Peer 1: 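For reference, the structure I am asking about is given below.
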Amino acid sequence: MPKRKREATDSNAAEGGDEHDGSISLLEFSPKTTNKDELVEFNEITTETREISPAHYVFKIESFSQLSKNDITMYETNDFKVGDQKWRLILYPNGDKSNKGEDHVSLYLAVSEANPLKVGWEINATVRFFVFDQIRDEYLLKEGKDRRFHAMKSKWGIPRFMPLKTFINPSNGYLVDDTCVFGVEVFVVKSLGLGECLTLKASPKSVRHEWKMANFSTLVHDCYSEAFTAGNHNWKLHLHPRGDGRNRDKNLSILLCLVNSGDQKVKATFTIRLKGEAGKMHQRTGLNWFGGINKEWGWSSFFPLKRVQDYLVGDACVVEAEVKVLGTVSKLP
């Protein structure tokens with residue numbers, strides 16, 4: 001179980017002293033550099049101890065002192081896989097001087113070069129770095145906040161993971177008989193790929209479409225107009241000449257239909273007009289979201305059937321739709 005937490009009040013306290021006094025700092029602030037490729041900014045680092053071994057990768061070094069004697073300033077482990085991605089643990093035994101990690105042990109996690117992230121791809125993950133205390137039989141771990149790995153920033157770490165003086169002191173338990181053990185855990189934040197984008201039009205334009213149905217008195221079944229375009233979307237009028245459902249043989253039913261919208265939702269204001277001779281007209285106006293299971297909106301009781309005859313042009317029924325698209329909602333790619 002994690003244990004021994006204490007809050008640090010400044011960056012020096014966060015780094016800890018030379019001796020292992022049984023107290024563990026909660027916050028550590030890594031130095032900020034001006035290098036455009038810097039990997040660490042002023043990040044909050046949580047520090048704890050626990051008995052359980054690292055879940056994802058353990059790196060044991062025998063004869064640690066030989067790294068410096070053989071001019072090995074940086075070591076990358078073999079690849080290990082967490083989730084769908086391959087990673088590598090990177091150790092700077094004498095500190096990553098390019099990120100002000102001198103006189104410290106520096107640890108990084110990097111996306112494997114054998115399986116690099118493509119441009120536009122990213123992985124969000126929480127990373128924990130470990131070092132084993134061989135005297136107390138427990139691990140010291142340091143965890144950063146959630147990190148975003150992508151093609152331009154494929155690694156993250158802690159340049160000042162531990163002062164080298166603290167690490168090499170045998171009484172602290174991290175380096176015993178020139179042997180040490182590091183580890184890492186990577187908790188990938190899985191994205192469900194769900195999201196949507198709302199786009200509102202600044203100056204929407206209205207589009208009118210007229211539909212003329214000949215021999216209206218002989219029509220029995222519902223029918224659709226030809227498709228027309230408004231706001232970059234296709235629409236049709238849907239007419240029930242003898243009424244729909246409970247309005248059967250009572251009212252003329254007319255609806256506006258969004259055609260082939262896929263997963264999009266469309267917000268539109270619309271007016272449907274029944275047009276007769278000499279400017280005679282009956283109209284109704286609506287405002288609705290079209291899409292999903294609600295691809296049609298209109299009125300089942302648009303106009304009484306017994307009065308439709310007064311609006312026919314000969315035996316033709318003329319219906320006009322005026323549509324103005326106000327905005328759309330689409331899935332994020």
Side-chain angles (χ1 to χ4, degrees), residues 1-30 40 43-68 75-78 80-83 87-96 101 103-110 125-147 156-188:
M1 295 291 293
K3 52 188 176 181
R4 294 208 301 266
K5 290 187 179 180
R6 189 180 68 181
E7 186 171 314
T9 56
D10 56 41
S11 58
N12 290 326
E15 290 177 1
D18 291 341
E19 299 297 325
H20 192 302
D21 60 3
S23 63
I24 300 297
S25 61
L26 177 64
L27 303 177
E28 178 169 329
F29 295 90
S30 300
V40 179
N43 292 313
E44 224 173 56
I45 304 297
T46 301
T47 304
E48 300 176 353
T49 61
R50 81 178 197 194
E51 297 177 355
I52 302 173
S53 299
H56 296 137
Y57 201 75
V58 174
F59 174 39
K60 182 177 181 180
I61 304 174
E62 297 177 345
S63 302
F64 178 84
S65 62
Q66 295 301 313
L67 293 173
S68 297
Y75 181 84
E76 292 189 33
T77 69
N78 292 323
F80 60 94
K81 192 171 184 179
V82 178
W87 308 85
R88 288 185 178 184
L89 177 63
I90 300 176
L91 167 72
Y92 290 81
N94 292 305
D96 178 11
D103 300 322
H104 284 71
V105 175
S106 304
L107 289 174
Y108 294 92
L109 177 73
T126 299
V127 183
R128 293 175 180 171
F129 294 107
F130 296 77
V131 62
F132 185 51
D133 181 342
Q134 301 171 61
I135 295 176
R136 296 159 188 84
D137 191 28
E138 64 185 15
Y139 284 88
L140 172 71
L141 73 90
K142 296 192 177 186
E143 176 181 326
K145 65 179 183 179
D146 291 350
R147 305 302 305 179
W156 176 82
I158 307 176
R160 297 195 296 177
F161 177 77
M162 179 177 287
L164 191 58
K165 190 175 180 180
T166 300
F167 177 75
I168 64 176
N169 187 336
S171 65
N172 290 328
Y174 303 120
L175 185 65
V176 177
D177 295 331
D178 212 19
T179 298
C180 56
V181 178
F182 296 98
V184 65
E185 289 180 346
V186 190
F187 298 95
V188 177

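Just so it is clear, the model here is predicted, and its values are computed rather than measured.
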Peer 1: Any side-chain heavy atom of Leu91 sitting closer than 4.5 Å to one from Ile61?
Peer 2: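 Yes, their side chains come closer than 4.5 Å.
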Peer 1: Mind checking side chain to side chain contact (heavy atoms under 4.5 Å, CB included) for Ser63 and listing every partner two or more places apart, or none if nothing turns up?
Peer 2: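 Here the qualifying residues are Gln66, Asp178.
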Peer 1: How long is the straight-line distance from OH of Tyr174 back to CD1 of Ile135, given to the nearest 0.5 Å?
Peer 2: 9.5 Å
Peer 1: With Glu185, which residues qualify under salt bridge (charged side-chain N to carboxylate O under 4.0 Å, His left out), at least two apart?
Peer 2: Arg50, Arg128
Peer 1: Return the minimal non-hydrogen interatomic distance between Gly101 and Ser106, and the atom names on each side.
Peer 2: O-OG, 4.0 Å
Peer 1: Ignoring hydrogens and geometry beyond distance, is a side-chain donor-acceptor pair present between Ser171 and Asn169 at under 3.5 Å?
Peer 2: yes
Peer 1: Give a yes or no on whether the backbone of Thr179 and the side-chain of Gln134 come within a donor-acceptor separation of less than 3.5 Å.
Peer 2: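 Such a contact is found between Gln134 side chain and Thr179 backbone.
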Peer 1: When rounded to the nearest 0.5 angstrom, what distance separates CZ in Phe80 from NE2 in His56?
Peer 2: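 The NE2 atom of His56 is 8.5 Å from CZ of Phe80, to the nearest 0.5 Å.
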Peer 1: Distance from Thr126 atom OG1 to Lys145 atom NZ, nearest 0.5 Å?
Peer 2: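 Going from OG1 on Thr126 over to NZ on Lys145, the span is 11.5 Å.
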Peer 1: What residues form a side chain to side chain contact (heavy atoms under 4.5 Å, CB included) with Ser53, not counting sequence neighbours?
Peer 2: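 Partners of Ser53 by the side chain to side chain contact (heavy atoms under 4.5 Å, CB included) criterion, ordered by chain and then number, come out as Tyr139.
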Peer 1: Just by distance, with hydrogens left out, do Asp133 and Thr49 show a side-chain donor and acceptor under 3.5 Å apart?
Peer 2: no
Peer 1: For Phe59, enumerate each residue passing the ring pair (Phe, Tyr, Trp, His ring centres under 6.0 Å) test, keeping only those at least two apart in sequence or located in another chain.
Peer 2: Tyr75
Peer 1: For the rings on Tyr92 and Phe167, is their centre-to-centre separation under 6.0 Å?
Peer 2: no
Peer 1: How long is the gap from CD1 on Ile90 to CZ on Phe182, to the nearest 0.5 Å?
Peer 2: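 If we round to the nearest 0.5 Å, Ile90:CD1 and Phe182:CZ are 14.0 Å apart.
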Peer 1: For residues Glu51 and Asp137, report the shortest heavy-atom separation together with the two atoms involved.
Peer 2: CG-O, 4.3 Å
Peer 1: Please find the pair of heavy atoms, one from Trp156 and one from Arg147, that lie closest to each other, and give the distance.
Peer 2: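 What the structure gives for the nearest pair is CD1-NE, 3.2 Å.
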Peer 1: Quick one: side chain to side chain donor-acceptor pair (under 3.5 Å) partners of Asn78, sequence neighbours excluded?
Peer 2: none
Peer 1: For atom CG of Asp146, is the number of surrounding heavy atoms from other residues, nucleotides or ligands below 6.0 Å larger than 12?
Peer 2: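 Correct, the count exceeds 12.
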Peer 1: Could you state the interatomic distance from OG1 (Thr47) to CD1 (Ile158), rounded to the nearest 0.5 Å?
Peer 2: 7.0 Å
Peer 1: Between Lys142 (side chain) and Phe161 (backbone), is there a donor-acceptor pair under 3.5 Å?
Peer 2: yes
Peer 1: How close do Pro54 and Phe130 get, counting heavy atoms only, and between which atoms?
Peer 2: CG-CG, 3.6 Å
Peer 1: Please list, chain by chain and in numerical order, all residues satisfying side chain to side chain contact (heavy atoms under 4.5 Å, CB included) with Ile168, sequence neighbours excluded.
Peer 2: Leu164, Leu175
Peer 1: How long is the straight-line distance from CG of Leu89 back to CD of Glu76, given to the nearest 0.5 Å?
Peer 2: 9.5 Å
Peer 1: Nearest heavy-atom pair of Val82 and Trp87: which atoms, and what distance?
Peer 2: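 So the two residues come closest at O-NE1, 3.5 Å.
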Peer 1: Where do Val186 and Ala125 come nearest, in terms of heavy atoms and distance?
Peer 2: CG1-CB, 3.9 Å
